[in-house]
Amino acid sequence: MNDTAIQDRVLIFDTTLRDGEQSPGATMSHNEKLEIAQLLDEMGVDIIEAGFPIASEGDFNAVSEIAARSQNAVICGLSRADNRDIDRCWEAVKHAKQPRIHTFIGTSPLHRAIPNLNQDEMVERIHDTVTHARNLCDNIQWSPMDATRTEDDYLCRVVEVAIKAGATTINIPDTVGYTAPRESAELIRMLLEKVPGADEIIFATHCHNDLGMATANSLAAVEAGARQVECTINGLGERAGNTALEEVVMALKVRNDIMPYRTDIDTTKIMNISRRVATVSGFQVQYNKAIVGKNAFAHESGIHQDGMLKNAETFEIMRPEDVGLSETNIVMGKHSGRAALRSKLKDLGYEMGDNQLKDVFVRFKALADRKKEVYDDDLLALMNDEGTNAANDRVQVKSLRVVCGTEGPQQADLTLTIDGVDHSVSATGDGPVDASFNAVKQLFPHSATLQLYNVHAVTEGTDAQATVSVRMEEAGKIVVGQSADTDTVVASARAYVNALNKLLVRREKTAPA
């Protein structure tokens, strides 16, 4: 490697904003991308792949602003093996303190057939495009897409060409999640042994989770000599997802006896960013998800509970506070003041000024009046509630009243503020939620179809907040709206309207020629 001081360090390359956002329905708004990038930067991620600049004007603008704002991380953009892509990528990342261009091409027989290139023609394209990128930027990453299904001899050949052309990081993607840990390690070892110049660059691993082995494959590659892991928050990504950042980082921390490698990630920020990504992407974290799932530190068995009371280490290999969970949940209520709220939110990762705190405090008090106890999860839902942070949205829910029960029809009386003007209507439906959605559609006609409606309780009890997610599609554009409230129907209406506002924004976005 070009710096022997990092032989024991694993670089964390987060691609939540690029690969993660490619999950159908996980598209994030401009401001959401900026927020997630800032959280990643503060957490200590080494490289942030901020997007695919040539994909759309929106992606280009987001990558450009993230590059300008970043304080610590390398900011990377993705580009195909095409000089126009590379130029567009460079325009987006060049103002970063540490810019990187990441260019790729599919090298397996299946992928070579798509552009109809033979092996020699592909080698020439790799040489020319990596050289072009290196003439723009001195930090170049190159990826042979579908590397794990590429012939070994040809993979060695193209990696050597990319290194000679100026690539400083070579990423080896398991694009379809097909490989196994032993194979992942052997592939890295082979490249380190056979490719001239391999000891002068950094090898990276990028694993998909189609067979449930992404994290295992990534850690196996690290043990074999890879020193960069590409991953996403919550394992978000194409199909079954990617290697999860939280799993890799905590595995390195907990098992440093067999993997003595270090990262600079602030693990206490993991839970906060996990929940925020779940909110903005609409992909909720499964309860039994490693590290960040709701049940990751929960114990129901009597034997487990007894052991935990005597010594937490009997059934927990890490502490909840290591990932940002509080040791106790019940700490806030209707008698809590601004200072307590500010302190608690700071513990949860939210720094805010007086004006912002004033607005949050009003909403906190309203929530505390409706709930006996306010948990950490309630506060996070309050902070992440898109339905109540929509001052600039064209469509806003002003009031909602529903009539429901065993005797129909169920009715919703709704008032929406549309472009600053109030409009009211009464509508019926098959249940209060359906009636509410019908009322929205009457006041604001649209052709979007509802693809998913999901409700989950943030905390326990009949007074729990409900977080509602709706996924809507219009002309191939997919958006996710979310909102939280102790009233499930109110949360549903706000989530539906939140999705409509996102669709209005998406209508205005067009890809460049």
Side-chain angles (χ1 to χ4, degrees), residues 10 12 14 16-17 20 32 35-46 48 71-73 215 229 231-236 243-256 262-281 283-299 308 312-313 315-332 336 340-352 357 360 364 373-385 456 458-460 465 467 484:
V10 175
I12 301 299
D14 185 273
T16 303
L17 298 174
E32 287 167 348
E35 178 189 359
I36 298 302
Q38 181 177 343
L39 292 174
L40 290 169
D41 200 28
E42 292 172 351
M43 188 166 66
V45 166
D46 297 284
I48 298 172
Q71 296 299 308
N72 306 301
T215 298
V229 176
C231 45
T232 61
I233 300 297
N234 299 338
L236 192 66
T243 300
L245 179 148
E246 60 275 6
E247 293 174 5
V248 168
V249 170
M250 293 309 296
L252 292 174
K253 180 174 183 177
V254 172
R255 293 309 312 269
N256 61 7
R262 63 185 179 90
T263 75
D264 292 334
I265 296 292
D266 181 354
T267 64
T268 64
K269 296 183 183 295
I270 283 176
M271 191 61 70
N272 181 42
I273 193 170
S274 167
R275 287 166 170 167
R276 189 58 185 135
V277 168
T279 297
V280 302
S281 68
F283 283 70
Q284 296 302 318
V285 178
Q286 66 197 56
Y287 277 20
N288 61 340
K289 171 77 167 63
I291 316 299
V292 294
K294 189 173 183 178
N295 290 345
F297 296 96
H299 305 272
M308 286 295 299
E313 292 183 2
F315 290 107
E316 286 186 353
I317 60 173
M318 66 195 83
R319 303 177 305 164
E321 52 266 37
D322 288 342
V323 296
L325 287 172
S326 297
E327 294 184 53
T328 179
N329 270 327
I330 308 171
V331 293
M332 300 295 291
S336 301
L341 180 63
R342 184 194 294 272
S343 176
K344 183 60 183 174
L345 291 175
K346 184 177 181 180
D347 289 342
L348 294 174
Y350 292 95
E351 296 272 4
M352 60 188 63
L357 179 66
V360 173
F364 162 71
E373 300 163 338
V374 179
Y375 297 84
D376 288 0
D377 284 345
D378 289 312
L379 293 175
L380 288 167
L382 185 75
M383 293 300 296
N384 297 336
D385 179 13
H456 82 276
V458 175
T459 51
E460 290 76 20
Q465 282 195 101
T467 293

Task: Under the salt bridge (Lys or Arg N to Asp or Glu O under 4.0 Å) test, residues paired with Asp264 that sit two or more places apart - done: Arg9, Arg262
Task: Minimum heavy-atom distance Ala244-Thr215, with the two atoms named - done: N-OG1, 3.9 Å
Open item on the list: Quick check for you: to the nearest 0.5 Å, what is the distance between Ser274 atom OG and Leu236 atom CG?
Closed with: 10.5 Å
Task: Residue of the set Ile36, Leu245, Leu40 for which side chain to side chain contact (heavy atoms under 4.5 Å, CB included) holds with Val277 - done: Ile36
TODO: Could you check if a side-chain atom of Glu321 sits within less than 4.5 angstrom of a side-chain atom of Thr268, using non-hydrogen atoms only?
DONE: no
- [ ] Please examine the side chains of Leu325 and Phe297, heavy atoms only from C-beta on, and report whether any two atoms are closer than 4.5 Å.
- [x] yes
TODO: Check side-chain hydrogen bond (donor to acceptor under 3.5 Å, both in side chains) between Lys269 and all other residues, then give those that pass, not counting sequence neighbours.
DONE: none
TODO: Would you give the length of the straight line joining atom CD of Glu313 to atom CZ of Arg319, rounded to the nearest 0.5 angstrom?
DONE: 9.5 Å
Task: Asn295 side-chain N/O to Asn288 backbone N/O, donor-acceptor pair under 3.5 Å - done: no
Open item on the list: Name the residue from Val323, Ile265, Ile291 that meets the side chain to side chain contact (heavy atoms under 4.5 Å, CB included) definition with Glu246.
Closed with: Ile291
TODO: For Ala296 and Lys289, work out which heavy atoms get closest and say how close.
DONE: CB-O, 4.0 Å
Task: Interatomic spacing from OG1 in Thr267 to CG in Asp322 - rounded to 0.5 Å - done: 5.5 Å
TODO: State, to 0.1 Å, how close Val285 and Ala278 come at their nearest heavy-atom pair, and which atoms those are.
DONE: CG2-CB, 4.1 Å
- [ ] State, to 0.1 Å, how close Asp14 and Ile233 come at their nearest heavy-atom pair, and which atoms those are.
- [x] OD2-N, 3.7 Å
Open item on the list: Restricting to non-hydrogen atoms, name the atom on Ala37 and the atom on Ile48 that form the minimum distance, rounded to 0.1 Å.
Closed with: O-CD1, 3.7 Å
Open item on the list: Ignoring hydrogens, what is the shortest heavy-atom contact between Thr232 and Gly20? Give both atom names and the distance.
Closed with: CG2-N, 4.2 Å
TODO: Report the distance from atom CD of Glu247 to atom CG of Leu252, rounding to the nearest 0.5 Å.
DONE: 12.0 Å
Open item on the list: Rounded at 0.5 Å granularity, tell me how far CG in Leu39 sits from CD1 in Ile270.
Closed with: 13.0 Å
Open item on the list: Is it the case that over 12 heavy atoms from other parts of the model lie below 6.0 angstrom from the CD atom of Glu316?
Closed with: yes
Open item on the list: Do Leu379 and Leu341 have side chains that approach each other closer than 4.5 Å (heavy atoms only, starting at C-beta)?
Closed with: yes
Open item on the list: Measuring from atom CD of Glu351 to atom CZ of Arg342, what distance do you get when rounded to the nearest 0.5 angstrom?
Closed with: 8.5 Å
